[in-house]
Amino acid sequence: MNTFNDIKELVVTLDRESKLIAEMFSKRKSIDYRLSDALELVDYNESRIDFLIERSVVREHGGILELDDLFLEFFEQVLDVNEEINLSYINENIRGIEENIAYFLNENNDNRRYGYLRFIKKTFRKIGVITIKSTIDLRRNIENTFKNESNYKNKRLKLEHLDDKRTVIKNLINQTSVLILIDEKEVTFYNRAMDEELDRIITELKYQLVECSHNLIEIEKQIIDYLNQIKIHGKFLEKLRKLKYLKDHFVIEAETDIKKVLGKKSQVVFETRSVEPIKLSIDYLRNNERAFEAIKRIAKNYRGRKLIKPELADSISNEYLENTIEEEVMINYEEIRNRFVATSDDLFNFILNYDFLKEVDFNERVTIFCQVISLYEQELEIKNDFKTINGVEYATVVTK
């Protein structure tokens, strides 16, 4: 197998054959891509396709072309359209971090220590991205399986396998969380590393893991709900098959009470009859003679009818089109607190005489008094001294 000489040759090749590769990638699931179709996109230059085959960009078998698995996986990963959940990546990355932490602690050379630290930071970022992507793919696969899989047994098995993957993701999240909780070994590493970027990466990773954990809880509920629905549908189909078997053998009335059960049901009587309009295409009406004759018969029935001209409503009055502005004075509790702090008065008497720029009755001022105490309780001192105004007894409240 020939390989590309350098990255420049690889990029130039992908750019030159971008039209063919994009077409094959877009149709990777729908149809088999034939060699004859590919020739049209490379100006019938077979040497260009042979070059791609030699470099293992595409594979050919029996006149059928397909993208090599390595390039296909690369495109799917970069474009985030891969439906497979490969959880081994996270496990390998966790093990790689643990190994490089040990290497970092044993190394005295600054350059090699920085190389280990850079690998650790890159791997932490990768774990966060892979975990989020795996969680998103898991949810999408669960929904696709439940909606599109027609075989109930396979649907149940696939959902159970996806639930196993959910458990694996959950365990990997727990392993990663333990790794960044910093035990004795990691304390030494973080103290020696003293890297701000590493701290930011770990903080972001913690947030990502929490988000994924919450999503996994919702995914677990969704799987349980789907499995319950499948179980109910499965029981229904099983009963339906039994009834069909009895009906096909003409023993359904003898071995069941179906007549008695149906006699108690009368839902259909109360249902409205739905009328589905049939809309014929214009081409059919133009070319079909019977349709044309039907149109002429119907048109005769409408010849003698008078056309009723719809009455126009009066124009809208300009009064309704004018802009109106309503103003309302809102009570600013923050401002009340600030002004009260600057006084030596007690709170109730202060609010009783406070100018709210609108009419505020006594009962509403009592309510405002209670609300201010509730909002700023830590800044106020409630004394064991009670007074009465207008039949309302209140405690003396002053600033601390």
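The structure presented is a predicted model; accordingly, all values stated were derived computationally and were not measured.
- Hydrophobic clustering (ILVMFWY, side-chain heavy atoms < 4.5 Å, transitive): I373 and V341 are in distinct clusters.
- When the salt bridge (Lys or Arg N to Asp or Glu O under 4.0 Å) test is applied to E335, the partners found at least two apart in sequence or on another chain are R339.
- Taking 4.5 Å as the limit, every side-chain heavy atom of V398 sits out of range of all side-chain heavy atoms of L380.
- D15 places no side-chain N or O within 3.5 Å of a backbone atom of V11 that could act as its donor or acceptor partner.
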Would you sort out whether E293 and K296 count as a salt bridge (Lys or Arg N to Asp or Glu O under 4.0 Å), showing the intermediate values?
-> CA-CA 5 Å; E293 293 296 329; K296 290 196 295 183; 3.3 Å; yes
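- Residues passing the salt bridge (Lys or Arg N to Asp or Glu O under 4.0 Å) test with D163 are R166, sequence neighbours excluded.
- For K8, the side chain to side chain contact (heavy atoms under 4.5 Å, CB included) partners at least two apart in sequence or on another chain are D6, V12.
- Atom NZ of K165 and atom CG of L138 lie 8.5 Å apart (nearest 0.5 Å).
- Here the straight-line distance linking atom CG of L162 with atom OG1 of T145 works out to 5.0 Å at 0.5 Å rounding.
- With hydrogens and angles ignored, the 3.5 Å screen pairs no side-chain donor or acceptor of S374 with any backbone N or O of Q371.
- A 4.5 Å side-chain heavy-atom check between R156 and Y226 finds every atom pair outside the cut-off.
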Taking distance alone, no hydrogens or angles, what donor-acceptor pairs closer than 3.5 Å link side-chain atoms of residues 120-130 to residues at least two apart or in another chain?
residue: K121; atom: NZ; partner: E197; partner atom: OE1; Å: 2.9
residue: T123; atom: OG1; partner: F119; partner atom: O; Å: 2.6
residue: R125; atom: NH1; partner: E197; partner atom: OE2; Å: 3.4

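- In this view, K387 satisfies the salt bridge (Lys or Arg N to Asp or Glu O under 4.0 Å) rule with no residue, not counting sequence neighbours.
- Residues L65 and R59 are not in side-chain contact: their nearest non-hydrogen atoms beyond the backbone lie 4.5 Å or more apart.
- Here CD1 of I368 is found 11.5 Å from CG of L375. Values are rounded to the nearest 0.5 Å.
- Neither L172 nor V210 shares a network with the other; the hydrophobic side chains, linked directly or stepwise wherever heavy atoms of I, L, V, M, F, W or Y lie under 4.5 Å apart, form separate groups for each.
- Between the R113 side chain and the N108 main chain, no donor and acceptor come within less than 3.5 Å of each other.
- Looking at heavy atoms from C-beta onward, E23 lies out of side-chain contact with K19 at the 4.5 angstrom threshold.
- Other residues, nucleotides and ligands contribute more than 12 heavy atoms inside 6.0 Å of the CD atom of E334.
- Taking R241 as the reference, L237 meet the side chain to side chain contact (heavy atoms under 4.5 Å, CB included) condition, with sequence neighbours excluded.
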Evaluation steps, side chain to side chain contact (heavy atoms under 4.5 Å, CB included), between E204 and I201 = CA-CA 5 Å; E204 184 179 359; I201 292 172; 5.7 Å; no
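- Scanning both residues, I219 and I142, for their nearest heavy atoms gives CG2-CD1, 3.4 Å.
- Residues N363 and T367 have side chains not in contact (no heavy-atom distance under 4.5 Å, counting atoms from C-beta outward).
- Note that CD1 of I169 and SG of C212 are 8.0 Å apart. Values are rounded to the nearest 0.5 Å.
- Sorted by first then second residue, the ring pair (Phe, Tyr, Trp, His ring centres under 6.0 Å) pairs that include residues 371-400, not counting sequence neighbours, are F348-Y394.
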Could you walk me through whether L52 and E17 pass the side chain to side chain contact (heavy atoms under 4.5 Å, CB included) test, one step at a time?
-> CA-CA 9 Å; L52 293 176; E17 310 301 349; 3.9 Å; yes
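- Atom CD of E9 has more than 12 neighbouring heavy atoms from other residues, nucleotides or ligands inside a 6.0 Å radius.
- There is no path of hydrophobic side-chain contacts, each under 4.5 Å, that joins V168 to I217.
- The stretch residues 372-381 participates, sequence neighbours left out, in these salt bridge (Lys or Arg N to Asp or Glu O under 4.0 Å) pairs: R337-E379.
- When all heavy atoms of E46 and L39 are compared, the pair lying nearest together is CG-CD2, 3.6 Å.
- In this view, D345 and T343, N349, F350 satisfy the side chain to side chain contact (heavy atoms under 4.5 Å, CB included) rule, not counting sequence neighbours.
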Stepwise salt bridge (Lys or Arg N to Asp or Glu O under 4.0 Å) test for D248 and K244 = CA-CA 6 Å; D248 292 341; K244 187 176 185 306; 2.9 Å; yes
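- A distance of 5.5 Å separates CD in E60 from CD1 in I53, rounded to the nearest 0.5 Å.
- When side chains are defined from C-beta on, L198 counts as touching I202, because their heavy atoms get closer than 4.5 Å.
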Would I351 and F340 count as a side chain to side chain contact (heavy atoms under 4.5 Å, CB included) if you check the C-alpha gap in whole Å, the side-chain angles of each, and the deciding distance to 0.1 Å?
-> CA-CA 9 Å; I351 292 176; F340 173 67; over 6 Å; no
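- At a threshold of 4.5 Å between non-hydrogen side-chain atoms, the residues I252 and Y245 do not count as touching.
- In the hydrophobic clustering of ILVMFWY residues, with side-chain heavy atoms under 4.5 Å counting as a link, Y207 and L216 come out apart.
- A donor-acceptor contact shorter than 3.5 Å links the side chain of K155 to the backbone of E149.
- Contact of the I173 side chain with the S177 side chain is registered, since non-hydrogen atoms from C-beta on lie closer than 4.5 Å.
- Salt-bridge annotation for D361 and R365: absent, with no side-chain N of the basic residue lying under 4.0 Å from a carboxylate O of the acidic one.
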Would D225 and Q229 count as a side chain to side chain donor-acceptor pair (under 3.5 Å) if you check the C-alpha gap in whole Å, the side-chain angles of each, and the deciding distance to 0.1 Å?
-> CA-CA 6 Å; D225 179 58; Q229 292 186 44; 2.9 Å; yes
Hey, mind stepping through F51 and R16 against side chain to side chain contact (heavy atoms under 4.5 Å, CB included) and telling me if it holds?
-> CA-CA 12 Å; F51 183 83; R16 184 181 65 238; 3.9 Å; yes
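- For D110, there are no salt bridge (Lys or Arg N to Asp or Glu O under 4.0 Å) partners at least two apart in sequence or on another chain.
- Residues meeting the side chain to side chain contact (heavy atoms under 4.5 Å, CB included) test with N109, sequence neighbours left out: E107, N111, R112.
- Following chains of ILVMFWY side-chain contacts shorter than 4.5 Å, one cannot reach L157 starting from I224, and the two form parts of different hydrophobic clusters.
- When all heavy atoms are compared, the tightest approach of L159 to I223 is O-CG2, 4.2 Å.
- Of the inter-residue distances, the one linking K158 atom NZ with F146 atom CZ reads 14.0 Å to the nearest 0.5 angstrom.
- Listed by first then second residue, pairs satisfying side-chain hydrogen bond (donor to acceptor under 3.5 Å, both in side chains) with a partner in residues 209-221 number zero, not counting sequence neighbours.
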